[in-house]
Amino acid sequence: MLLIVVPLVGSMACAACKLSKHTAPCKIAALLSTLAGFALLAVTYPAIQAGGTIRFTAGGWQPGIGIDLAMDGLSWVGALVVLIVCLAGLLFTLTEKSYPPLFYFTYLIMMAGMLGVLLTRDLFNLFVFIEILAIAVYLLISFFEKDHSLVASFKYLILGSTAITFYLIGVFVVYQATGSVSMETLAAYNAAEPGQTPLPLMLALCCFIVGIGLRAAFVPFHCWLPEAHAYAPHPVSAALSGVMIKVAVIALWRLVDLFPAVELIRLFPAIGAGTALLGAVWTISETDLKKRLAYSSISHLGFIVTALGIDSAGGPATASAVYHIVTHAFFKSLLFLCAGAVIVATGERNIGALSGLGRRLPLVGALFTIALLSIAGIPPFGGYASKKLILEAAGTCWPLAALLMAAAAISLAAYIEVWKILVGATPAALTVKPLSASLAFSLVPLAALCLATGLLPAAWFGFFVRLTGGSLPAAGLPAVYSPDSLLTSAALTGAGIALYRLSRTSGCRSILKAIRGLRLGLEGALCLLLASFIGLTWVTWLP
Amino acid sequence: MLVATLFAMLFSLGLWGLLSKRHLLKKLLALNILNSTVIMLFIYLGSLSGSDAPIMLKGVTETVDPLPQAFMLTAIVVGVSLTALGVSLLYKIHQQYGTLDMKAIERESMA
């Protein structure tokens, strides 16, 4: 489909630019490809409005034999978010002169890879697009070869390739069993004998979870994420944290949906809640600004996985997960771009060494505050609405809700500390370079979207429910701004402030330093990968 | 049975190399062994379904299943590009850190 081809064509134009001396055409080509993507999304919207699907088989073959591509509501929302965040990243790169044409070339390939993962309905094609996306990302992370980005990219390469090997084994098992690698054939095969998926297919599901779960970075598979997102160039971090891990979660969700009767799916809320809490604890233990934001991505991914796992069919919890995907993409990319602006202006990454930036960089300071309010879940921003909906979906199971609320409170304490870099007096040792005003083009729209997704949450929720083809809950649309949810939010904020005070005491600081030292290296991450694969197969083997 | 054992041994060899070798290039080579094992496994299992190569010449009827071979061509290409990228990353890593020993690099990069 055109949506994938257009960024690829744009990247070819950028590659051609490398041969000539002018860099302007490649930036124009990059912008044009992204805007063309938006136009294509607008064109396809009427067809997918009420849960419909547009299908396309590559090469004109019959569906099931050729490579199937399909755009349904979930893909449409994902593609919209990918395009918005990638456009913001592109506008960020335009404010500095130091990005060569090869950067735009690889960036557009990454965008094409993400759109491909969203649109494909063929298991092997998913492997191909994930590898396209992955190779572009490995190149982008290590592009400027600054502080530890090479090692981060190499670790991600090793972990990603090992995981995708497991995924390939799963694809082959499915091919042997069903005779085709199309997702529809697999869904039909599983639907033909409900309640009794044969053992090889369940092992294939474990392989899929390990393979794609590593890209999605929830807890047993998260080890590559902090370094990769922290040491990547700033627009790349925004795209990685904002959309790439969500695209992998959506792909994993599609795969898990093909196996409706499997008990393994009931593990997902627990995995998600655990990820949320652990991510929150790691967030508060970090002192590097971008690493703190990267760990908080893991925590929010835990929220999304919990919501997706709560009801496996397209119910209201799935729509709240999609809502959180959208709001998190906006505020996380805004956070990373603002953090990037701060690092470019001051050259300093340590939170302890930064302060008083709100006065010196007023625009960035204001937008950083908006993003922090949104991620902390303060009304009226988008983060509040989506977190509230996920907590409500988890409300029936109190251990889950307790874990999620604890994660929210601890993360809030971490964000208060990040906010502190904007207030106070500027230390003498800090030099603050002025930033170009055209940063506003990339940052202000994201901030506006953070606010817009928080107003009228019932309308947004209904929109996502319709797009994912689910049905509204029997009690009607949930009330997000009701008095008791505002009270819960106030209680969480109070708990967060108390935890922040607690974390500044010296006893707590030494605990956090110890937690910081406990990070797993590459071999630890590989052991975790294998152990979780063995754990998943063992759980599958239990009757 | 023998074939299954051989494949299991090769796969474990790849995993063992990834986990236990400290030199980053050896880890990359172990990853290659892992990839090659999976590729060979697919092609072998695909070859059990017929007897001739899937090239439609005159008089060729009993071809093996061509689809695994097509998939594995893609997988081989992906593996080669990943190895190329990995080796160039290792070259730059060596220039930056002066060593390719995992423990030394991690001590420096995760300090």
Side-chain angles (χ1 to χ4, degrees), chain A residues 65 123-125 127-128 130-132 134-139 141-142 145-162 164-173 175-176 179-181 207 226-227 231 291 516-527 529-530 533, chain B residues 7 11-12 14-16 18-22 24-25 27-28 30-39 41-43 45-46 48-49 65 67-68 70-72 74-75 77-79 81-97 100 102-103 105-111:
Chain A
I65 299 183
L123 294 172
F124 194 74
N125 204 26
F127 162 72
V128 171
I130 284 184
E131 288 297 333
I132 291 177
I135 295 182
V137 165
Y138 303 147
L139 274 171
I141 293 176
S142 57
E145 299 165 31
K146 290 200 298 193
D147 35 46
H148 312 307
S149 55
L150 290 165
V151 178
S153 177
F154 186 74
K155 279 195 199 172
Y156 186 17
L157 193 153
I158 297 275
L159 285 169
S161 312
T162 315
I164 213 87
T165 311
F166 282 99
Y167 176 80
L168 271 183
I169 298 177
V171 168
F172 195 66
V173 168
Y175 177 67
Q176 292 279 55
S180 133
V181 282
C207 290
E227 297 182 10
Y231 297 126
K291 269 211 191 143
R516 208 156 60 226
L518 277 181
R519 269 172 285 148
L520 285 174
L522 177 57
E523 277 145 21
L526 280 168
C527 289
L529 182 70
L530 291 172
F533 178 66
Chain B
F7 276 120
F11 196 79
S12 326
L15 282 178
W16 173 79
L18 264 181
L19 285 171
S20 78
K21 293 288 167 191
R22 281 169 60 166
L24 286 181
L25 186 59
K27 282 199 201 279
L28 197 60
L31 183 68
N32 261 334
I33 294 178
L34 204 63
N35 266 340
S36 306
T37 309
V38 172
I39 291 171
L41 179 68
F42 274 47
I43 297 180
L45 290 176
L48 294 176
S49 60
D65 192 357
L67 217 48
F71 291 157
M72 288 305 107
T74 316
V77 169
V78 167
S81 9
L82 280 174
T83 310
L85 183 58
V87 166
S88 45
L89 278 175
L90 283 181
Y91 177 63
K92 297 273 181 183
I93 289 178
H94 185 81
Q95 279 185 330
Q96 187 176 356
Y97 295 92
L100 278 182
M102 188 73 216
K103 291 272 187 305
I105 294 178
E106 273 188 347
R107 212 177 309 132
E108 208 181 307
S109 69
M110 292 171 69

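Everything numeric in this text was worked out from a predicted model, so none of it was measured. Below, read A as the first sequence line, B as the second, and so on, with proteins coming before strands; counting in each chain starts at 1.
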For the interface with chain A, which of Ile39(B), Val77(B), Leu41(B), Leu18(B) has the highest count of heavy-atom pairs at distances below 4.5 Å?
Leu18(B)
Heavy-atom proximity to chain A below 4.5 Å, by part of Ala75(B):
both
If every non-hydrogen atom of Phe11(B) is compared with every non-hydrogen atom of Thr165(A), which pair is closest and at what distance?
CE1-CG2, 4.3 Å
Using heavy-atom distances under 4.5 Å, tell me whether Phe124(A) contacts chain B through its side chain, its backbone, both, or neither.
side chain
Where is the tightest heavy-atom contact between Leu28(B) and Phe154(A), given as atom of each residue plus distance?
CD1-CE1, 4.2 Å
Residue from Val38(B), Ile93(B), Asn35(B) scoring the most non-hydrogen pairs under 4.5 Å with chain A is Ile93(B)
Closest heavy-atom pair and its distance - Met102(B), Leu522(A):
CE-CB, 3.6 Å
Between CG of Leu31(B) and CD1 of Ile158(A), what distance do you get to the nearest 0.5 Å?
5.0 Å
Max heavy-atom pair count under 4.5 Å with chain B, selected residue of Gly521(A), Ala152(A), Gly160(A), Gly524(A)
Gly521(A)
Check Leu15(B) against Thr162(A) and note the closest heavy-atom contact, atom names and distance.
CD2-CG2, 4.4 Å
What part of Ser142(A) is in contact with chain B, defined as an atom under 4.5 angstrom from a non-hydrogen atom: side chain, backbone, both or neither?
side chain
Please classify the contact between Val151(A) and chain B as side chain, backbone, both or neither, with a heavy-atom cut-off of under 4.5 Å.
both
Nearest-0.5 Å distance, NE2 of residue His94(B) to CG of residue Leu150(A)
13.0 Å
If I take atom CD from residue Glu106(B) and atom CD from residue Glu227(A), how far apart are they, to the nearest 0.5 angstrom?
7.5 Å
Does any backbone or side-chain atom of Glu523(A) lie under 4.5 Å from a heavy atom of chain B? Answer side chain, backbone, both or neither.
both
The reported gap from CG in Leu85(B) to OG in Ser153(A) (rounded to nearest 0.5 angstrom) is 6.0 Å
Parallel, tilted or perpendicular for Tyr175(A) and Phe71(B), by the 30°/60° rule?
perpendicular
Give the member of Gln95(B), Lys103(B), Lys27(B) that has the highest number of heavy-atom pairs under 4.5 Å with chain A.
Lys27(B)
Interface check, chain A: of Ile105(B), Leu34(B), Leu67(B), Thr37(B), most non-hydrogen pairs under 4.5 Å belong to Leu67(B)
Kindly give the heavy-atom pair with the smallest separation between Asp147(A) and Gln96(B), and that separation in Å.
CA-NE2, 4.3 Å
For Gly46(B) and Phe172(A), which heavy atoms make the closest approach, and how far apart are they?
N-CZ, 4.3 Å
Mind telling me whether His148(A) and Tyr97(B) have parallel, tilted or perpendicular rings, with 30° and 60° as the class edges?
parallel
Interchain contact, Ile164(A) with chain B, by part (heavy-atom threshold 4.5 Å)
neither
Can you tell me how far apart CD1 (Ile132(A)) and OG (Ser81(B)) are? Round to the nearest 0.5 Å.
10.0 Å
